[in-house]
Protein chains: 2
Amino acid sequence: MAASTLTEVARLAGVSPATASRVLNGSARTPGPDIAERVRNAAESLGYIPNAQAQGLAKSSSGLLGLIVHDIADPYFSAIARGVQDAAREQGKMVLLATTGGTPADERVAVAAFAARRADSIVIAGSRSTRPADQDGNAELAAELDRYCRNGGRVGVVGHPVVGASASEGYHVVAVPNEELAAELARQLAANHAQEFVIVAGPEGLLTSDDRVRGFQKGLAAAGKPPAEVMHSGFDRAGGYEAGQLLAARIKADQASGAASSRPCIFAVNDVMAIGAAAALRSEGLRIPRDASVAGFDDIETLRDFRPALSTVRLPLEEIGRLAALGTAGNSAADVSAGAVTGQVTLRRSTETPPQVAA
Amino acid sequence: MAASTLTEVARLAGVSPATASRVLNGSARTPGPDIAERVRNAAESLGYIPNAQAQGLAKSSSGLLGLIVHDIADPYFSAIARGVQDAAREQGKMVLLATTGGTPADERVAVAAFAARRADSIVIAGSRSTRPADQDGNAELAAELDRYCRNGGRVGVVGHPVVGASASEGYHVVAVPNEELAAELARQLAANHAQEFVIVAGPEGLLTSDDRVRGFQKGLAAAGKPPAEVMHSGFDRAGGYEAGQLLAARIKADQASGAASSRPCIFAVNDVMAIGAAAALRSEGLRIPRDASVAGFDDIETLRDFRPALSTVRLPLEEIGRLAALGTAGNSAADVSAGAVTGQVTLRRSTETPPQVAA
DNA sequence: ATAAGTCGGGAAAGCGCATTCCCACCGCTC
DNA sequence: GAGCGGTGGGAATGCGCTTTCCCGACTTAT
């Protein structure tokens with residue numbers, strides 16, 4: 001028993017399909033009240049559900065919004081996803097989800113799939129990469145997106161424009177002031193930390209990571225500090241843990257030798273990495289903030305109960321998702337500027353300097 | 001400039017649309033190699049992307065899988081979503097996401113929307129509710145789902161069957177042994193805890209919460225303990241926090257009066273609530289496990305670095321999502337049994353009994 | 001009262017594709 | 001060499017809906 005069709009409803013109501021269509025969906029023309037009533041009753045009794053595919057085909061617009069994330073289980077992305085979902089609901093759209101693991105090649109595939117489904121717009125979250133290995137992938141992704149835009153699609157990007165994308169019509173990027181905020185974080189940390197700074201970064205070439213590293217170094221410089229050492233690792237908890245282990249060994253060695261520069265201030269470029277690093281230190285018997293300061297970035301909600309409370313930079317993730325989705329709605333140039341987002345350096349216990357340990 | 005169509009490709013290749021269709025999508029009939037080559041080249045040069053809507057219309061199957069969750073930003077759901085997404089990808093489907101906040105009425109709307117999009121299958125995650133207020137919503141949801149199934153849709157549910165759904169064809173529920181696991185947790189905790197037990201539960205009528213409460217009480221009984229007091233609250237961190245505040249006040253009063261039953265063992269029916277409760281205790285100056293034991297349920301990944309490490313029941317969330325999605329794939333009755341899932345009681349520091357505090 | 005102007009409804013033409021049916025042509029057998 | 005099944009390609013139909021166009025009936029102005 002297949003779902004009933006508009007035609008069936010029309011027949012039961014004794015009207016033409018055209019009329020039925022007009023009353024069941026908002027058309028410019030509104031049939032008479034009595035007819036409308038009849039049609040609505042017929043639809044009701046048949047349990048009529050319009051076929052969105054057919055509707056989409058007919059008016060070439062699908063009511064779909066494609067969302068591309070690296071990993072939906074990552075709290076960073078799921079927070080953004082919530083914002084996107086919210087905005088989509090407001091626009092009466094449904095969201096199509098694609099997770100790609102962050103490789104441009106997979107992202108290209110996802111874009112193509114969205115294009116095939118005639119998604120009205122696409123939101124891409126997740127860091128862009130400039131790694132040489134991703135170069136071809138980036139080019140193809142950019143080409144795919146450009147084509148999508150040329151065909152009338154609108155795309156919203158979180159963070160950086162897609163590498164190599166020509167700034168064609170329909171592009172909207174929600175700028176995240178990673179660099180500025182990282183600099184500000186560095187400045188505030190520098191005020192209380194005499195010891196060396198270490199940056200636990202993601203893979204080189206990951207734009208978000210690179211920006212935060214650069215900003216942090218600038219902030220350090222502005223505060224008259226020497227640049228921090230940068231350790232590259234995975235952009236996730238495991239990466240942070242790995243770096244943390246290295247650091248733990250070093251700290252313990254320093255402590256054993258009574259060297260001056262123990263108790264480093266560690267800046268991990270995102271909260272999840274920071275947690276990983278902290279876990280590594282702890283598993284080596286070190287304590288935070290006694291033996292090291294740790295700061296992250298993002299202010300992931302689920303991690304706010306972490307102890308010691310993590311110093312970080314609050315980013316309005318959900319809002320960012322909203323803006324990215326909203327930016328693809330209608331309008332145009334004007335809202336590009338409105339797409340700016342602000343964060344907030346948030347110092348907590350993990351970077352407190354114990355008075356008794358002061359230099 | 002609209003996207004190019006199959007017809008255009010066919011014309012450029014000098015063949016009929018039928019032939020073009022046959023080569024570009026796997027048809028039973030395969031055109032000659034030379035022709036296929038021509039068509040493929042034409043498609044390539046035109047940047048042809050098949051219109052999935054039209055394809056869906058023509059073969060009435062959309063390649064869509066609808067996923068319904070309460071809140072995608074909740075780590076519990078995002079973990080499940082990852083599993084679903086994975087399974088969907090394997091099946092060559094895309095996932096449509098809907099978040100409903102858990103109200104049956106909204107879920108009904110989501111199901112209808114999925115039905116309109118002719119999603120091949122629907123996965124519903126998130127606890128069912130039997131609250132009186134949701135009765136009507138449940139009935140409507142069940143009706144909507146039944147209709148969807150009758151029209152050939154397949155639905156996978158994690159946890160409990162939808163309240164009131166007739167077990168029609170195409171239903172698949174992934175059973176989660178909440179009760180058994182909660183009982184086991186209670187047994188294990190009872191072995192080390194002489195003091196009173198308190199259950200921080202979700203709203204009454206939330207099946208998942210109710211099951212875990214019931215199981216825990218049974219486990220307690222099996223261990224010869226009196227039943228635990230049950231506090232109802234929100235099923236989220238805020239709910240846990242709220243209950244935690246009440247408990248903190250009580251514990252402090254007990255401690256002040258030197259009463260015997262201080263240091264309760266608190267079982268929160270999910271990890272997020274447990275974290276909330278723990279945060280509340282801590283904000284009142286109480287320490288875990290010194291002043292109280294706390295256990296949760298789910299073993300949320302992001303929370304594993306929480307200190308003190310949270311005793312909980314590990315649930316293979318991602319696997320659950322996979323199974324739910326896979327269950328809607330093809331096959332039928334046989335895999336219903338295969339849909340069983342096992343969890344693992346995991347005791348950690350948060351429920352350790354300090355020797356020196358022993359009764 | 002008649003002409004011009006609405007308004008409400010229906011017929012029909014797509015939207016882009018899959019697929020059934022049909023036909024021309026091939027090599028084959030007897 | 002004529003009849004045969006088989007094969008590869010095209011014409012046409014339909015999926016369910018929107019939308020333009022058209023037409024009859026009604027209203028209003030002269």
Side-chain angles (χ1 to χ4, degrees), chain A residues 1-40 42-43 46-64 115-120 151-152, chain B residues 1-40 42-43 46-64 112-113 115-120 151-152:
Chain A
M1 169 191 174
S4 50
T5 72
L6 221 211
T7 310
E8 292 172 21
V9 172
R11 193 170 342 157
L12 190 103
V15 301
S16 76
T19 303
S21 169
R22 290 197 260 256
V23 16
L24 292 180
N25 315 335
S27 163
R29 290 178 46 178
T30 321
D34 48 340
I35 294 228
E37 177 73 8
R38 276 220 313 278
V39 171
R40 250 184 286 273
L46 252 43
Y48 170 70
I49 295 186
N51 185 325
Q53 308 220 63
Q55 291 189 156
L57 223 209
K59 33 181 195 192
S60 57
S61 120
S62 59
L64 255 27
R117 294 243 137 69
R118 297 301 186 265
D120 297 333
N151 289 342
Chain B
M1 168 191 176
S4 50
T5 73
L6 223 211
T7 310
E8 291 173 23
V9 172
R11 192 171 343 157
L12 189 101
V15 302
S16 76
T19 303
S21 169
R22 289 197 261 259
V23 16
L24 292 181
N25 315 336
S27 162
R29 290 177 48 179
T30 320
D34 47 341
I35 295 230
E37 176 73 8
R38 275 223 311 280
V39 172
R40 251 184 286 273
L46 252 42
Y48 170 70
I49 296 186
N51 185 326
Q53 308 220 64
Q55 291 189 155
L57 224 207
K59 23 181 205 197
S60 56
S61 116
S62 60
L64 254 26
R117 294 244 139 67
R118 296 301 185 265
D120 297 333
N151 289 341

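Here is the naming used below: chain letters follow the sequence lines, and residue numbers restart at 1 for every chain.
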*Rounded to the nearest Å, what distance is computed from the CZ atom of residue A/Arg117 to the C1' atom of nucleotide C/dG16?*
15 Å
_Euclidean distance, atom NZ of residue B/Lys59 to atom C1' of D/dC15 [Å, nearest integer]_ = 13 Å
_Atom-pair distance (CD on A/Glu8; P on D/dG16), nearest Å_ = 8 Å
*Could you give the CG-to-P distance, from A/Leu6 to D/dT19, as a whole number of Å?*
12 Å
*Atom CG of B/Leu57 to atom P of D/dC17: distance rounded to whole Å?*
9 Å
*Is the shortest side-chain N/O distance from B/Ser21 to OP1 or OP2 of C/dA18 below 4.0 Å?*
yes
_What verdict does the side chain to side chain contact (heavy atoms under 4.5 Å, CB included) test give for B/Glu8 and B/Leu12, after you've listed the backbone C-alpha separation in whole Å, the side-chain angles of each residue and the deciding distance to 0.1 Å?_
CA-CA 6 Å; B/Glu8 291 173 23; B/Leu12 189 101; over 6 Å; no
*Answer yes or no: is there a donor N or O on one side and an acceptor on the other, between the side chain of B/Arg117 and the main chain of A/Ala52, under 3.5 Å?*
no
*Mind calculating the distance between CG (B/Asn51) and C1' (C/dC17) to the nearest angstrom?*
8 Å
*I would like to know whether B/Arg118 and B/Leu64 meet side chain to side chain contact (heavy atoms under 4.5 Å, CB included); could you show each step before the answer?*
CA-CA 8 Å; B/Arg118 296 301 185 265; B/Leu64 254 26; over 6 Å; no
*Separation of D/dC17 C1' from A/Gln53 CD (nearest whole Å)*: 12 Å
*A/Leu24 CG - D/dC17 P separation (whole Å)*: 9 Å
*Is any side-chain nitrogen or oxygen of B/Gln55 closer than 4.0 Å to OP1 or OP2 of C/dC17?*
no
*Using a 4.0 Å heavy-atom cut-off, write out nucleotides 8-14 of chain D from 5' to 3' as B (base contacted by protein), S (sugar-phosphate only) or - (no contact).*
BBBB---
*For A/Ser60, report the nucleic acid contact type (base, sugar-phosphate, nothing); a contact means any heavy atom under 4.0 Å.*
nothing
